[in-house]
Amino acid sequence: TLRDTVVERVRTQITGAHVQQVNPDLSVRVKVNYASDRTIFSDLSSSGVFRALPSQESIVSVTQRLDHGSIFATGQYLQPLDSGGKTTFQRVPEIGHRYTSPPLWNDVVMLQMNSTATHFFREEGFDVSRIELSPGISTQGLHIGHVLGLRPQVKAKEVIYSHGRLASQSAARSRGTVWIGMEASSSLVKRFVLRNGQQLRHTITPKLFYEYVPPTRQGDLIQIDAIDDLPKKHLLTYSVNSRLKNSSGGGGQTWLDLFLAQSYHLGSSPGQASTFSDIWGQATIHLPDPFVPPGGQASVRFDSFVDPSSGAFRQLNTDLHLQHRQQWYVTLGHRRTKAGLVPRRGDIWNAISFNEVLAPQAKINFLTAGGGVRVSNNWTVGTKIYQDFATGVTSEWDVVGMYQSPCRCWSLGLFYSKLAGAGSVQARDQFNFVLTLRGIGATPSVGTGIMQSILTPLLGNGTGLPWTIE
């Protein structure tokens, strides 16, 4: 809580989290995020991410584990910040049940049944109640000659609504659909022995995933979350994962992890999606020991989308990380995305598929650079900067420092943030601190998240840190 002398009023942000394990099978989780006014983050937050938050949520959830599933009850309050208002839907409550059968018929077949009953309330406008039933059946262990593994799956979904999309559509309505999937995969493994005696294990895992969802009528249904948006899908997704691992000694180190995937529409594509989706590629490279000093780590990560028609990168994200034990680290990242459509990654049926494209977005071109160093056994400092090349503006610059007492009984965190202005949000410089007393506990704040992201490579989740609640 603070008094804002600019607007002459008291402004408060309440943040808290609690987990109560009543017994081994019954747990209660509470998360509270509430602001006295919706502009508090855009005016006072020390993080550019929080300044742009559209909303924040508070949740109470009770979960009871069963022998082959669980039941749960959840209440959610979504507080609008940058967008939304009194017409924002709140989940009060949501009751659900998840069931997965033990393997049947020689451990080949598994049955699933998920169901939820949710009431959506809002201050202005009509309320909606929704019941979702989703039975499914899947298999495991099927193969052709122990070379090609097969996993057929079928899921049905029936959703019943108490109200339509418009205020005048007060009658109950329903929509049902079915998802049919067939996954085929294989694995090729070869071992190599280098001159120095090290053993390399190269694994190539190709996969094919066929999916079909028939078109359904949903123009008269309210759109609240992913359950309400089930577009047609007639898709073939093919992918390959190539992994090179040093298998010498104990755990070994993965030198290269490369993943490529693309989807092909077997029927008409929804919206503005192309017949062939962009090619998604991810790669993580860890330089082997001969190329880094003892105790050092060096890695490069890539995440990209390539337009197959032109061969050009539609999106390319890179990250370089250098670190020496827990003494120092340097990181450098670049984010570049062309203006226009971007593939949507996955859906409620399959996390790796590219059936749709997202709305056109603006060009993204910015650099992130940061690092940290342990000055002594008690002091650790770090910094991170975000430079937007598209606008020529330094969006955010953070400098943090953490002092830990020798007994690790308490810690003091200091941080400085320089934030650029945008629109009605003013630029500003901000200084903050956070004091943590071990045993009393700590409640993470926005500043805590900044320190955690910068100093975790060196401090991890050690004792007496502000992001470690005890």
Side-chain angles (χ1 to χ4, degrees), residues 25-31 55 57-80 84 86-101 110-138 153-181 211-233 270 344 346-351 355-356:
D25 296 325
L26 177 62
S27 63
V28 180
R29 298 176 182 270
V30 180
K31 182 175 71 172
S55 60
E57 66 175 5
S58 297
I59 294 178
V60 178
S61 179
V62 180
T63 303
Q64 172 70 52
R65 289 196 308 174
L66 306 175
D67 290 340
H68 300 288
S70 63
I71 55 175
F72 64 91
T74 301
Q76 178 199 50
Y77 174 71
L78 200 64
Q79 183 183 22
K86 293 184 178 181
T87 58
T88 298
F89 283 105
Q90 314 293 346
R91 297 173 188 262
V92 188
E94 180 173 81
I95 301 172
H97 172 253
R98 299 187 181 97
Y99 170 78
T100 301
S101 72
M110 297 180 66
L111 304 176
Q112 302 94 29
M113 180 63 186
N114 297 331
S115 59
T116 60
T118 311
H119 180 72
F120 294 97
F121 161 80
R122 54 182 175 177
E123 296 182 54
E124 292 184 0
F126 56 85
D127 298 350
V128 178
S129 295
R130 182 183 72 191
I131 296 176
E132 176 207 6
L133 302 174
S134 183
I137 181 172
S138 62
Q153 306 168 66
V154 178
K155 293 181 182 178
K157 189 177 290 291
E158 182 71 24
V159 188
I160 303 171
Y161 299 84
S162 65
H163 203 286
R165 182 173 61 89
L166 302 177
S168 58
Q169 297 173 330
S170 58
R173 58 205 64 222
S174 65
R175 186 266 307 276
T177 190
V178 65
W179 173 77
I180 301 173
E211 298 174 90
Y212 176 74
V213 177
T216 57
R217 174 187 52 82
Q218 58 184 28
D220 62 334
L221 302 177
I222 192 76
Q223 301 288 311
I224 301 176
D225 55 26
I227 294 176
D228 308 315
D229 183 22
L230 301 175
K232 63 179 181 180
K233 192 174 188 181
R344 175 185 174 184
D347 52 29
I348 64 173
W349 308 113
N350 183 8
N355 188 46
E356 300 177 283

For the atom pair [atom1] ([X]) and [atom2] ([Y]), what is the distance rounded to the nearest 0.5 Å?
| X | Y | atom1 | atom2 | result |
| --- | --- | --- | --- | --- |
| Q90 | S58 | CD | OG | 9.5 Å |
| T100 | L66 | OG1 | CG | 11.0 Å |
| L221 | T216 | CG | OG1 | 8.0 Å |
| D67 | S101 | CG | OG | 13.0 Å |
| S162 | H119 | OG | NE2 | 7.5 Å |
| Q112 | Q153 | CD | CD | 8.0 Å |

_From CA spacing to verdict: side chain to side chain contact (heavy atoms under 4.5 Å, CB included), R122, V92_ = CA-CA 10 Å; R122 54 182 175 177; V92 188; over 6 Å; no
Beyond-backbone contact of [X] with [Y], side-chain heavy atoms, under 4.5 angstrom:
| X | Y | answer |
| --- | --- | --- |
| T177 | K233 | no |
| S61 | T63 | yes |
| I222 | F120 | no |
| D228 | Q223 | yes |
| S55 | Q79 | no |
| V178 | P214 | yes |
| R130 | V159 | yes |
| V62 | F72 | no |

*asked:* If you apply the rule side chain to side chain contact (heavy atoms under 4.5 Å, CB included), what do you find for D347 with L230, and how did you get there?
replied: CA-CA 9 Å; D347 52 29; L230 301 175; over 6 Å; no
*Check: S134 side chain, K155 main-chain N or O, donor-acceptor pair, under 3.5 Å*: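 No, the answer is negative, given that no donor and acceptor are paired below the 3.5 Å cut-off.
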*Short side-chain to backbone donor-acceptor contact, Q169 and L166, under 3.5 Å*: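 Side chain of Q169 to backbone of L166, a donor-acceptor pair under 3.5 Å: yes, one is there.
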Tell me the closest heavy-atom pair linking [X] and [Y], and the distance in Å.
| X | Y | result |
| --- | --- | --- |
| R217 | S174 | NH2-O, 3.9 Å |
| N355 | P231 | ND2-CG, 4.3 Å |
| R165 | F126 | O-CZ, 3.4 Å |
| L78 | F89 | CB-O, 4.5 Å |

_According to side chain to side chain donor-acceptor pair (under 3.5 Å), who are the partners of E356, at least two apart in sequence or on a separate chain?_
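Partners of E356 under the side chain to side chain donor-acceptor pair (under 3.5 Å) test: R344.
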*Mind checking side chain to side chain donor-acceptor pair (under 3.5 Å) for D25 and listing every partner two or more places apart, or none if nothing turns up?*
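Residues passing side chain to side chain donor-acceptor pair (under 3.5 Å) with D25: R65.
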*Any Lys/Arg nitrogen of R175 or D220 sitting under 4.0 Å from an Asp/Glu carboxylate oxygen of the other?*
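No, this pair does not count.
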Between the side chains of [X] and [Y], does any donor sit under 3.5 Å from an acceptor?
| X | Y | result |
| --- | --- | --- |
| H163 | S170 | no |
| E211 | W349 | no |
| D229 | Q218 | yes |

*CZ of R29: more than 12 outside heavy atoms within 6.0 angstrom?*
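It does not: R29 CZ has 12 such atoms or fewer within range.
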_From CA spacing to verdict: side chain to side chain contact (heavy atoms under 4.5 Å, CB included), Q76, E94_ = CA-CA 8 Å; Q76 178 199 50; E94 180 173 81; over 6 Å; no
*asked:* V60 vs T74, test: side chain to side chain contact (heavy atoms under 4.5 Å, CB included). Steps then yes/no.
replied: CA-CA 6 Å; V60 178; T74 301; over 6 Å; no
*What residues, two or more places apart in sequence or in another chain, satisfy ring pair (Phe, Tyr, Trp, His ring centres under 6.0 Å) together with Y99?*
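Expected list: none.
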*Test side-chain hydrogen bond (donor to acceptor under 3.5 Å, both in side chains) applied to Q64 and S70, step by step*: CA-CA 6 Å; Q64 172 70 52; S70 63; over 6 Å; no
*Have a look at E132 and tell me which of N114, I160, T116 forms a side chain to side chain contact (heavy atoms under 4.5 Å, CB included) with it.*
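Answer to the side chain to side chain contact (heavy atoms under 4.5 Å, CB included) test with E132 among N114, I160, T116: T116.
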